[in-house]
Protein chains: 2
Amino acid sequence: MRRKSATLSAASFRDEEIRQGIELMFFAYRDFTADPDRILAPLGMGRAHHRTVHFIGRNPGMTVGDLLNILRITKQSLNRVLSQLMREGYVEQRPGATDRRERRLFLTSAGQSLEQRLSEPQRARVGAAYREAGPAAVSAFRRVLAGLINPDDRERFTASGPRLSGPRRLR
Amino acid sequence: MRRKSATLSAASFRDEEIRQGIELMFFAYRDFTADPDRILAPLGMGRAHHRTVHFIGRNPGMTVGDLLNILRITKQSLNRVLSQLMREGYVEQRPGATDRRERRLFLTSAGQSLEQRLSEPQRARVGAAYREAGPAAVSAFRRVLAGLINPDDRERFTASGPRLSGPRRLR
DNA sequence: GATATATGTCAACACTACTGACATAATTAC
DNA sequence: GTAATTATGTCAGTAGTGTTGACATATATC
């Protein structure tokens, strides 16, 4: 064995490096989500609303089931968020053309504005980090981040995998 | 202006790249946290317990205030988690040597075991992604991730900044 | 027509976080 | 040395997100 189970004793350099990576993920995600959270709070919404609006914006016409597969939450959890977004005019649904049980989801123009507003600080943050690191680093960043994702969804970020921007086709 | 506010119309390649980075963060964090969550649930604990145990393990002797600065939650929120961890024997506190108002925090051996158990799947995941991407990519990954962190805490991950592994010295 | 699928909904519960208020002990300032 | 400040704890109420379990409707499919 090469290391891998440094029980409790001296941590190898590798182990320390990996633990720093874990910490980096915590700090980055903490700050990455803080800005939109501040925008959402006065609207009576939370992070779940942001995620919902984000994915519907990226995949217009996606179904409720698609969203459940992405978010990995129960339909009861999603429903609370989604019905609020529809009630307040950010999201609308239309029955599927071929399968009329489906509810295809779309952002209204208010929903598009909200999405822009929420993502703006995140885009600024990511954009700044990208610019500072340069294109080669960004490419490496994306490869490592994709490597952290379970194989199923990792495909979304590889050239061969299914695109997610189209009006369907998500798993 | 160079782009930066692609209002609602055609997204530039840059904007698309940035939005993919945002999504990557969502998926990576979702899967990154799922494994320890599954271990925590049957113990009647959650993600907050994991973070607490993680940071105390990395910084033995840190104070409650240090932890509050890192986690960026209120003391009331932390207290619930911390007192449970102490009540159940994972964490212990000792008054500070010079300032006896402080409660220096330490993992018990049960706490160290728990920390190991919780971090194991994360270390495996990060380790696998690191190995697959290679050292140069890892370095770039860390630079970009650090770039996402607010300047205050970014220092923790730069050569010049204060170390966090010592028995104190965290802001 | 029977079964399966996509979705909605009611209810109860757990975890995490927040605000506001108040309390104690120890340190620092005047 | 008394007053103010700091580090920490704690009670109470509220909000957002997620869960499980149960049940309902509409539409497809066999």
Side-chain angles (χ1 to χ4, degrees), chain A residues 26 29-30 33-34 36-53 56 61-88 91-105 118 168 170-171, chain B residues 26 29-30 33-34 36-53 61-88 91-105 168 170-171:
Chain A
F26 164 73
Y29 201 76
R30 181 198 66 178
T33 50
D37 283 353
R38 272 190 289 274
I39 299 172
L40 290 157
L43 298 176
M45 296 194 260
R47 218 169 272 186
H49 299 82
H50 184 189
R51 293 196 280 249
T52 300
V53 161
I56 297 176
M62 76 190 306
T63 66
V64 172
D66 292 332
L67 208 39
L68 289 174
N69 284 331
I70 286 178
L71 300 176
R72 296 253 219 274
I73 57 177
T74 60
K75 69 178 175 190
Q76 295 93 322
S77 290
L78 176 59
N79 193 261
R80 197 178 6 209
V81 167
L82 197 50
S83 44
Q84 182 184 350
L85 287 169
M86 291 191 292
R87 194 181 336 116
E88 298 178 1
V91 168
E92 60 182 20
Q93 57 179 29
R94 304 201 276 269
T98 63
D99 186 338
R100 294 193 346 256
R101 291 172 304 181
E102 295 173 343
R103 311 294 170 94
R104 299 306 192 110
L105 302 170
L118 291 174
R168 194 70 204 295
L170 6 176
R171 18 180 340 144
Chain B
F26 163 74
Y29 202 75
R30 181 199 65 178
T33 49
D37 283 354
R38 272 190 289 273
I39 299 172
L40 290 156
L43 298 175
M45 296 195 257
R47 217 170 274 186
H49 299 82
H50 184 189
R51 294 196 281 250
T52 301
V53 161
M62 76 190 306
T63 67
V64 172
D66 291 334
L67 208 39
L68 289 173
N69 284 331
I70 286 178
L71 299 176
R72 296 253 219 275
I73 58 176
T74 59
K75 70 178 173 191
Q76 295 92 323
S77 291
L78 176 59
N79 192 261
R80 182 164 357 112
V81 167
L82 197 50
S83 44
Q84 183 184 348
L85 286 169
M86 291 190 294
R87 193 180 339 114
E88 298 179 0
V91 169
E92 60 182 20
Q93 55 178 30
R94 303 202 275 270
T98 64
D99 186 339
R100 292 186 355 253
R101 292 171 304 179
E102 296 172 343
R103 312 293 171 94
R104 300 306 192 110
L105 302 171
R168 193 68 205 296
L170 8 174
R171 13 181 343 144

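Reminder, nothing fancy here: chain letters follow the sequence lines and each chain counts from 1.
A:N79 places its CG atom 13 Å from the P atom of D:dT19, with the value rounded to the nearest Å. In this structure, B:R104 places its CZ atom 12 Å from C1' of D:dA7, rounding to the nearest Å. The CE atom of B:M62 sits 11 Å away from the P atom of D:dT8 (whole-angstrom rounding). Taking atom CG on B:L82 and atom P on C:dC15, their separation rounds to 17 Å, with Å as the unit. In this structure, B:R94 places its CZ atom 18 Å from C1' of D:dA7, rounding to the nearest Å. Note: OH (B:Y29) to P (D:dT17) measures 16 Å, nearest angstrom. Atom CG of B:D37 and atom C1' of C:dC15 are 11 Å apart (whole Å). Between B:L68 atom CG and D:dT10 atom P the separation is 14 Å, expressed in whole Å.
Residue B:T98 is in sugar-phosphate contact alone, with no base atom involved, counting any heavy-atom pair closer than 4.0 Å across all strands shown. Note on A:G44: only backbone sugar-phosphate atoms sit closer than 4.0 angstrom, heavy atoms only; bases stay farther off.
For C:dC15, the OP1/OP2 oxygens have no side-chain nitrogen or oxygen of B:R47 closer than 4.0 Å. Using a 4.0 Å cut-off, some side-chain N or O of B:S77 falls inside it from OP1 or OP2 of C:dC18. OP1 and OP2 of C:dC15 both lie 4.0 Å or more from every side-chain N or O belonging to B:H49. Close to D:dG18, at under 4.0 Å from its OP1 or OP2, lies a side-chain N or O of A:R51.
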If you restrict it to nitrogen or oxygen atoms, what contacts under 3.5 Å exist between nucleotides 22-25 of chain C and the protein, and what is each distance?
none

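Positionally, the nearest nucleotide of DNA chain D for A:L71 lies more toward the 5' end than for the other of A:L71 and A:R103. Annotation: of the two residues near DNA chain D, A:M45 and A:T74, the 5′-most nearest-nucleotide partner is A:M45. Annotation: of the two residues near DNA chain C, A:R80 and A:Q93, the 5′-most nearest-nucleotide partner is A:Q93.
Expressed to the nearest 0.5 Å, how far CG of B:L67 lies from CE of B:M62 amounts to 4.5 Å. To the nearest 0.5 Å, atoms CZ (A:R103) and OG1 (A:T63) are separated by 11.5 Å.
If you run side-chain contact (heavy atoms from CB on, under 4.5 Å) between A:T52 and each of A:I70, A:L78, A:L105, only A:L78 comes through.
For B:Q76 against C:dG20, a side-chain-to-base donor-acceptor contact under 3.5 Å is present.
Comparing C:dT27, C:dG8, D:dT8 against the side chain of A:V64 picks out C:dG8 as the nearest.
A donor-acceptor distance shorter than 3.5 angstrom exists from the side chain of B:R72 to the backbone of B:N69, with no hydrogens or angles considered.
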Intermediate values then yes/no, side chain to side chain contact (heavy atoms under 4.5 Å, CB included), A:L82 and A:I56: CA-CA 11 Å; A:L82 197 50; A:I56 297 176; 4.1 Å; yes
